[in-house]
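Down below is the structure, laid out as structure tokens.
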Amino acid sequence: MKTNSVLIVDDEKNIRLTLSRTLESMGLVVQTGVNGEEALEKLRAKDFGLVFLDLRLPGMGGLEVLRRIREKSAKARVIIITAHGTIESAVEAMKLGAVNFIQKPFTPAEIRSLAGKVMEREALDEASVEDYEQLIELCKRHIADSRFEEAKAAVHKALAKDPSKPEAYNLLGAFLECRGDRIEAQKYYRAALEIDPGFNPARANLERTGSHEKSGKIELWSDTGKKTAPENKNNEDPSA
């Protein structure tokens with residue numbers, strides 16, 4: 001990250017306290033806000049490298065705050081806090097660069113793991129990235145920057161490096177599903193499961209897209225075992 005300052009935006013005091021204590025123990029400088037208006041005021045006064053943002057805020061909603069953050073600082077990394085993934089939010093959140101989600105209730109260990117992964121991802125030297133794991137992380141960074149063509153290129157490169165791992169197939173399926181092509185997406189989810197029957201993100205995606213209701217969440221990856229993005233029902237999104 002460009003700065004070690006973190007902004008936490010949540011109207012629940014216990015959530016703000018848990019996040020603050022955990023992130024401060026990592027050497028990060030933390031400020032908090034209880035609503036969107038307060039968050040934007042702090043964002044106007046200071047640059048933050050990382051923002052933990054609740055989608056369900058009183059007054060101004062989390063997506064509107066996310067739009068304003070993007071207008072001010074395209075490099076701020078936003079982690080969405082959610083207890084209730086909203087169907088209509090997934091595509092817009094991805095377009096605005098929110099690719100990491102943490103679901104309530106969460107533990108300090110999950111917070112540390114996710115924040116650590118985001119910081120490691122930012123430190124990657126794109127020119128020297130070659131191995132599979134780093135290419136997957138580079139893909140996530142490109143999504144955060146709304147560079148979807150570069151993100152897909154990184155996934156395809158990862159797939160060429162090691163076609164025996166499930167993450168790349170699942171990510172390609174997620175790109176297709178966000179575009180509205182569920183049938184084609186299912187092929188990639190199945191491919192991920194053929195490689196690793198225990199890969200839960202692909203299993204959840206395949207079960208959801210094959211159900212009559214088609215409800216649930218798009219599982220992009222599992223940074224802490226439960227990272228999800230809300231379900232998408234829209235047809236316009238990053239193309240695969």
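The residues of the chain are indexed from 1 along the displayed sequence. Just so you know, these numbers use all the heavy atoms, side chains as well, and skip hydrogens, waters and symmetry mates. Since the model is a prediction, treat every value here as computed from it, not as a measurement.
The shortest heavy-atom contact between Leu171 and Cys139 is CD1-SG, 4.1 Å. Scanning both residues, Ala115 and Leu50, for their nearest heavy atoms gives CB-CD2, 4.3 Å. Closest approach of Ala76 to Ile69, counting heavy atoms only: CB-CG2, 4.1 Å. Contact between Gly62 and Leu53 at its shortest, heavy atoms only, is O-CD2, 3.4 Å.
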Tyr169/Phe199 under side chain to side chain contact (heavy atoms under 4.5 Å, CB included): CA gap, chis, key distance, verdict = CA-CA 11 Å; Tyr169 295 95; Phe199 189 65; over 6 Å; no

query = Under the side chain to side chain contact (heavy atoms under 4.5 Å, CB included) criterion, do Val51 and Val6 qualify, and how do the steps go?
reply = CA-CA 6 Å; Val51 180; Val6 182; over 6 Å; no

inquiry  = Between Arg112 and Thr22, does the side chain to side chain contact (heavy atoms under 4.5 Å, CB included) criterion hold? Intermediate values first, please.
reply    = CA-CA 7 Å; Arg112 284 192 292 270; Thr22 303; 3.4 Å; yes

inquiry  = Quick one, Glu137 with Glu122, criterion side chain to side chain contact (heavy atoms under 4.5 Å, CB included). Give me CA distance, side-chain angles, the key distance, then yes/no.
reply    = CA-CA 9 Å; Glu137 290 303 311; Glu122 291 305 298; over 6 Å; no

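Considering CD of Glu12 and CG of Leu17, their distance stands at 12.5 Å, rounded to 0.5 Å. The CZ atom of Arg141 sits 7.5 Å away from atom CZ of Arg77, with the distance rounded to the nearest 0.5 Å. Taken from CG in Leu7 to CG in Asp10, the straight-line distance is 11.0 Å, to the nearest 0.5 Å. Atom CG of Leu66 sits about 8.0 Å away from atom CG of Leu55, to the nearest 0.5 Å. Going from atom CZ of Arg56 over to atom NZ of Lys104 covers 9.5 Å, rounded to the nearest 0.5 Å. Note: Arg203 CZ to Arg190 CZ = 12.0 Å, rounded to the nearest 0.5 Å.
Put simply, the side chain of Ile143 reaches to within 4.5 Å of the side chain of Phe175, judged on heavy atoms. Between Ser20 and Ile8, the closest side-chain pair of non-hydrogen atoms falls below 4.5 Å. A heavy-atom distance below 4.5 Å is not found between the side chains of Ser5 and Gln31. Counting only heavy atoms from C-beta outward, the side chains of Arg121 and Asn100 approach each other to under 4.5 Å. Contact check for Phe101 versus Ile79: no side-chain heavy atoms found under the 4.5 Å cut-off. Side-chain atoms of Val118 and Lys140, non-hydrogen and from C-beta on, never get closer than 4.5 Å to each other.
In this structure, Asn14 places its CG atom where only 12 or fewer heavy-atom neighbours from other residues, nucleotides or ligands lie under 6.0 Å away.
Hydrophobic clustering (side-chain heavy atoms under 4.5 Å, transitive across Ile, Leu, Val, Met, Phe, Trp, Tyr) keeps Val29 apart from Met26. Both Leu23 and Phe106 are part of a single hydrophobic cluster, where members link through side-chain heavy atoms under 4.5 Å apart. Residues Met60 and Val34 do not share a hydrophobic cluster, defined by chaining ILVMFWY side chains whose heavy atoms lie under 4.5 Å apart.
Within the 3.5 Å criterion, the main-chain N or O of Leu206 finds a donor-acceptor partner in the side chain of Thr209. Within the 3.5 Å criterion, the main-chain N or O of Thr107 finds a donor-acceptor partner in the side chain of Glu110. Panel note: side chain Thr18, backbone Ile15; no donor-acceptor pair is recorded below 3.5 Å. The backbone N or O of Glu37 sits less than 3.5 Å from a side-chain atom of Asn35, completing a donor-acceptor pair.
Cluster partners of Leu124, using a side-chain heavy-atom cutoff of under 4.5 Å among ILVMFWY residues and allowing indirect links, are Val129, Leu135, Leu138.
Ion pair Glu38/Lys42 flagged as a salt bridge, since at least one NZ, NE, NH1 or NH2 atom sits closer than 4.0 Å to an Asp/Glu carboxylate oxygen. The existence of a salt bridge linking Lys165 and Glu133 is confirmed by a sub-4.0 Å separation between a basic side-chain nitrogen and an acidic carboxylate oxygen. A salt bridge links Glu184 with Lys187: the closest approach of a Lys/Arg side-chain nitrogen to an acidic carboxylate oxygen falls below 4.0 angstrom. Salt bridge annotation for Glu64-Arg67: present, with a cationic side-chain nitrogen under 4.0 angstrom from a carboxylate oxygen.
Test Asp11, Ile80, Val65, Val9 against Asp54 for side-chain contact (heavy atoms from CB on, under 4.5 Å) and you get one pass: Asp11.
Under 3.5 Å, the side chains of Asn205 and Asn170 contain a donor-acceptor pair of N or O atoms.
By the side-chain contact (heavy atoms from CB on, under 4.5 Å) test, Ala168 is found to be paired with Tyr132, Ile136, Val155, Leu159, residues two or more places apart in sequence or in another chain being considered.
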